[in-house]
There are 4 protein chains.
Amino acid sequence: MSSQESILDLILKEEKNITNKQKKILIAAIEAFSDKGYAATSTNEIAKKAGVAEGTIFRHYKTKKDLLTAILTPLVHTLIAPFIVKDFFRKVLDLSYNTFEEFIRAIVYNRLEFLKKNQALFKILIQEIPFHEDLRELFKEQIAKKIFKRMEELVDSFKAKGEIIDIPTYSSIRLTVTSIFGYFIARYILLPEAKWNDEEEIETTIQFILYGLTPRK
Amino acid sequence: MSSQESILDLILKEEKNITNKQKKILIAAIEAFSDKGYAATSTNEIAKKAGVAEGTIFRHYKTKKDLLTAILTPLVHTLIAPFIVKDFFRKVLDLSYNTFEEFIRAIVYNRLEFLKKNQALFKILIQEIPFHEDLRELFKEQIAKKIFKRMEELVDSFKAKGEIIDIPTYSSIRLTVTSIFGYFIARYILLPEAKWNDEEEIETTIQFILYGLTPRK
Amino acid sequence: MSSQESILDLILKEEKNITNKQKKILIAAIEAFSDKGYAATSTNEIAKKAGVAEGTIFRHYKTKKDLLTAILTPLVHTLIAPFIVKDFFRKVLDLSYNTFEEFIRAIVYNRLEFLKKNQALFKILIQEIPFHEDLRELFKEQIAKKIFKRMEELVDSFKAKGEIIDIPTYSSIRLTVTSIFGYFIARYILLPEAKWNDEEEIETTIQFILYGLTPRK
Amino acid sequence: MSSQESILDLILKEEKNITNKQKKILIAAIEAFSDKGYAATSTNEIAKKAGVAEGTIFRHYKTKKDLLTAILTPLVHTLIAPFIVKDFFRKVLDLSYNTFEEFIRAIVYNRLEFLKKNQALFKILIQEIPFHEDLRELFKEQIAKKIFKRMEELVDSFKAKGEIIDIPTYSSIRLTVTSIFGYFIARYILLPEAKWNDEEEIETTIQFILYGLTPRK
DNA sequence: TATGAATGAGTGTTCATTCAT
DNA sequence: GATGAATGAACACTCATTCAT
């Protein structure tokens with residue numbers, strides 16, 4: 001499954017013929033943007049961190065904004081990848097994962113693993129989304145729409161089977177996604193220094209979603 | 001209940017003897033920080049928006065950072081106010097609200113109302129927390145600890161009564177808080193332009209938390 | 001007559017409430033632009049020459065281009081001033097200067113005196129005109145049209161009186177203006193280090209124009 | 001006569017073994033320098049316009065300044081060519097062109113034709129002369145001195161024959177040259193978009209010079 | 001010969017902050 | 001208390017030029 005990919009792998013997919021210096025720039029930019037925020041990071045800082053001349057950044061990325069885009073676009077694409085790849089859902093639907101629980105479990109583990117591997121990138125994405133119209137557009141188009149569409153089919157099928165309660169489909173999706181991301185944000189962004197028993201927290205989160213969305217007899 | 005308070009009320013509480021120009025500066029800063037982010041907002045911009053000279057800002061707030069602090073500190077204090085005010089919890093615990101459901105319902109309605117009234121402020125808080133050590137400290141000290149402490153007592157008492165399931169207390173709190181804020185963020189920050197049936201969403205969210213945390217017979 | 005005015009006088013007319021630093025900036029910019037050309041002059045250079053901080057320049061002039069405009073606009077206006085002021089031409093037409101010769105003599109002495117006093121400014125104007133659409137527009141609107149209009153009336157009246165030969169009016173104007181400016185450019189821009197007998201050259205130039213444009217019996 | 005030569009012809013004369021890419025660079029540089037000025041043109045721009053790599057420019061011309069020199073030197077040499085080629089003046093002096101009028105007519109038509117063919121180059125020359133010591137030196141040495149020397153002989157001979165008036169020789173030359181260039185500059189640099197009746201203007205200019213410099217009986 | 005990635009000094013401009021008025 | 005002119009460091013970005021390939 002694609003959950004093994006880390007930052008560079010996914011950027012390399014998007015941008016071919018990347019040079020060594022370009023790689024260094026991307027890594028430095030991700031670290032800096034993640035630490036201080038896009039607006040508070042200077043290109044000079046990135047250059048120093050990457051060990052290249054400031055001009056080199058602009059040879060590869062016309063503007064600082066372009067650099068941000070080059071970093072986040074692959075993330076968005078990879079974030080939604082499993083949802084648009086047929087195989088993932090065929091497994092979920094047709095084969096062994098045929099209960100809502102197993103679907104949730106698969107989704108949670110898969111995407112949390114992915115987010116964990118790309119913490120910095122993901123932090124940048126959620127920090128910058130409110131301030132960049134184009135990012136918001138990308139997010140809405142890719143994540144909101146595409147993920148929603150696939151999950152809608154699934155959730156509807158589970159609803160039909162009586163496996164989940166009768167609330168608006170988009171609400172169940174929102175509550176599911178919110179619980180997963182809520183854990184991620186608390187864990188890696190708000191309180192990264194706290195002690196976390198990750199396995200237990202994830203299980204608890206899965207159980208919470210299941211209890212929250214499945215009917216009581 | 002304290003849910004009626006809006007931006008200025010709560011700032012006025014913190015800062016006495018506020019002048020008219022100072023008020024204008026605060027309002028302008030909140031709007032600007034919320035729209036473009038703290039780092040991307042210039043003091044010149046704030047001055048123009050407030051209709052004062054740039055120097056005037058620095059007469060009242062030694063640095064731009066001080067201005068941010070002056071804006072966010074009252075928010076943090078007011079955000080946690082109901083949790084430390086005895087009355088609120090006496091009502092919850094001793095009087096009519098004696099089930100977990102009614103507690104959740106009270107909390108959700110009360111704090112969502114408050115967040116809605118202070119969207120801009122709250123947006124600034126969550127945007128800037130990751131980048132300012134002192135804000136994070138304030139947040140941890142005030143929100144995380146104080147809210148947690150009070151909720152812990154309550155959740156533990158509900159747990160003792162068998163009203164909620166046996167998962168770590170901090171996990172239940174996280175899941176609760178996450179679901180509430182998750183709605184708020186989706187509603188007001190990520191997809192503010194979408195059509196929302198607020199009443200239904202809130203009810204669904206409450207139900208989700210309840211189902212997620214209460215035991216099945 | 002207005003021929004006594006020098007650089008600052010004419011800029012002060014255009015821009016009221018000029019500060020001391022602003023004056024220094026203008027003087028430094030004029031010197032630098034004139035010496036090295038607009039594009040080859042850095043704002044840093046101007047700041048140093050003016051003895052102000054670089055930021056100060058941009059407090060008064062939003063862009064480097066604005067600074068150029070602030071310098072040249074008054075020149076253009078003052079250059080054409082005598083042609084649009086009624087008095088100047090009333091003197092020429094009604095009073096003592098009632099021959100073509102005296103008209104030419106008055107024009108030549110008056111404008112050459114003015115150009116000499118504002119050499120640097122004028123050099124900037126002719127150097128930059130080919131590269132700035134707006135300057136060209138200003139020049140065409142003000143100088144070409146307004147000067148032309150007034151001179152046309154006069155030349156036509158001299159033509160009617162048989163004082164000048166029957167060639168297209170605009171050609172006579174061009175040849176006159178070209179001869180005057182030609183002297184100025186050779187004298188002050190192309191070969192400023194050569195020895196010049198100014199009085200004789202000016203008289204020769206006047207005579208050349210007169211011979212060139214008046215009929216032979 | 002040499003008046004047929006255009007840009008490349010004259011550059012090719014100066015630089016042997018020119019490669020195809022080099023040609024493209026020269027053409028691109030001339031267009032760019034002429035449009036935006038030397039200082040405001042970047043080598044990157046020239047490279048793009050020429051369809052070569054930026055490094056290629058510096059392989060052929062050590063510096064940007066060298067490129068300018070490579071462009072202007074041939075112009076200067078060719079501009080004065082007819083004045084130093086014996087044949088041209090032998091024709092003028094010994095054969096049919098033995099009046100001042102015919103000399104002027106020949107000069108005007110010949111050099112205006114040449115300027116027209118090399119507008120861009122000539123525009124660069126007059127724009128850059130004030131800012132480059134070496135160009136000014138070249139200009140003075142070649143154009144001012146060599147042209148002056150030849151014209152001096154001629155003008156003196158015409159003066160001796162009583163064909164032109166008794167003013168300092170260098171003044172007559174200045175007035176002649178100024179009138180010719182004045183037309184060229186008005187025509188091609190200042191007001192290129194205006195409608196021009198070229199034939200008439202040139203005739204008028206010739207007549208003006210003749211009238212201006214020949215004695216009245 | 002030609003390339004284009006890389007450079008680092010330099011560009012015009014903005015910044016938060018100071019201070020005399 | 002309020003102003004806004006002044007600052008100079010920092011900003012994103014461009015420049016002419018170099019050099020390994």
**Prompt:** Quick one: OG1 on Thr19(D) to NZ on Lys21(D), what's the gap to the nearest 0.5 Å?
**Reply:** 8.5 Å
**Prompt:** Between atom NE2 of His60(A) and atom CG of Leu67(A), what is the distance when rounded to the nearest 0.5 Å?
**Reply:** 11.0 Å
**Message:** Under a 3.5 Å distance rule, please check whether Gln142(C) uses its side chain to pair with a backbone N or O of Phe139(C) as donor and acceptor.
**Reply:** no
**Asked** Can you check the Ile46(C) CD1 to dT11(E) P distance for me, whole Å?
**Response** 11 Å
**Message:** Here's a test of your reading of the structure: between Val52(C) and Lys21(B), which maps to the more 5' nucleotide of DNA chain F?
**Reply:** Lys21(B)
**Message:** I'd like to know if the side chain of Thr78(B) and the backbone of Pro74(B) have a donor-acceptor N/O pair within less than 3.5 Å.
**Reply:** yes
**Prompt:** Taking only Watson-Crick and G-U wobble pairs with both distances under 3.5 Å, what dot-bracket line describes DNA chain F, where [ ] shows pairs that cross earlier ones and | shows pairs with another strand?
**Reply:** .||||||||||||||||||||
**Asked** Rounded to the Å, how far apart are Phe33(A) CZ and dA12(F) C1'?
**Response** 12 Å
**Message:** Please report the distance, rounded to the nearest Å, between NZ in Lys48(C) and C1' in dG8(F).
**Reply:** 12 Å
**Message:** If I take atom NZ in residue Lys23(C) and atom C1' in nucleotide dA5(F), what distance separates them, rounded to the nearest angstrom?
**Reply:** 16 Å
Short heteroatom pairs, N/O only, protein and nucleotides 12-15 of chain E, under 3.5 Å:
residue, atom, partner, partner atom, Å
dG12(E), OP1, Thr41(C), O, 3.2
dG12(E), OP1, Lys64(C), NZ, 2.9
dG12(E), OP2, Thr43(C), N, 2.7
dG12(E), OP2, Thr43(C), OG1, 3.1
dT13(E), OP2, Lys64(C), N, 2.6

**Request:** Please assess His132(D) against Lys65(D) for the test side-chain contact (heavy atoms from CB on, under 4.5 Å), listing each intermediate value before the final yes or no.
**Result:** CA-CA 10 Å; His132(D) 305 271; Lys65(D) 182 67 190 293; 3.3 Å; yes
**Message:** Distance check needed: dT7(F) P versus Gln22(C) CD, whole Å only.
**Reply:** 13 Å
**Item:** Nearest-angstrom distance from the residue atom NZ of Lys24(B) to C1' of dT3(F)
**Value:** 14 Å
**Message:** Test your reading of the model: is there a side-chain donor-acceptor pair from Glu141(D) to the backbone of Leu138(D), 3.5 Å cut-off?
**Reply:** no
**Prompt:** Quick one: is His60(D) getting a side-chain N or O under 4.0 Å of the dA2(E) phosphate, OP1 or OP2?
**Reply:** yes
**Asked** Within this structure, what is the CD1-to-C1' distance between Ile25(A) and dA12(F), rounded to whole angstrom?
**Response** 15 Å
**Request:** Keeping the roles fixed (side chain from Glu54(B), backbone from Asn44(B)), state whether a donor-acceptor pair exists under 3.5 Å.
**Result:** yes
**Asked** Does Lys64(A) make a cation-pi contact with Tyr38(A), if we ask for NZ or CZ under 6.0 Å from the ring centre and within 45° of the axis?
**Response** yes
**Prompt:** Are OP1 or OP2 of dT3(E) and a side-chain N or O of Thr56(D) less than 4.0 angstrom apart?
**Reply:** yes
**Prompt:** Rounded to the nearest Å, what distance is computed from the CG atom of residue Leu68(B) to the C1' atom of nucleotide dA16(E)?
**Reply:** 14 Å
Name the atoms and distances for all side-chain donor-acceptor pairs under 3.5 Å in residues 119-127 of chain A, with sequence neighbours left out.
residue, atom, partner, partner atom, Å
Gln119(A), NE2, Lys116(A), O, 3.2
Lys123(A), NZ, Ser34(A), O, 2.9

**Fill in**
Comparing Ile57(A) with Ile57(D), nearest DNA chain E nucleotide closer to 5' gives the residue Ile57(D)
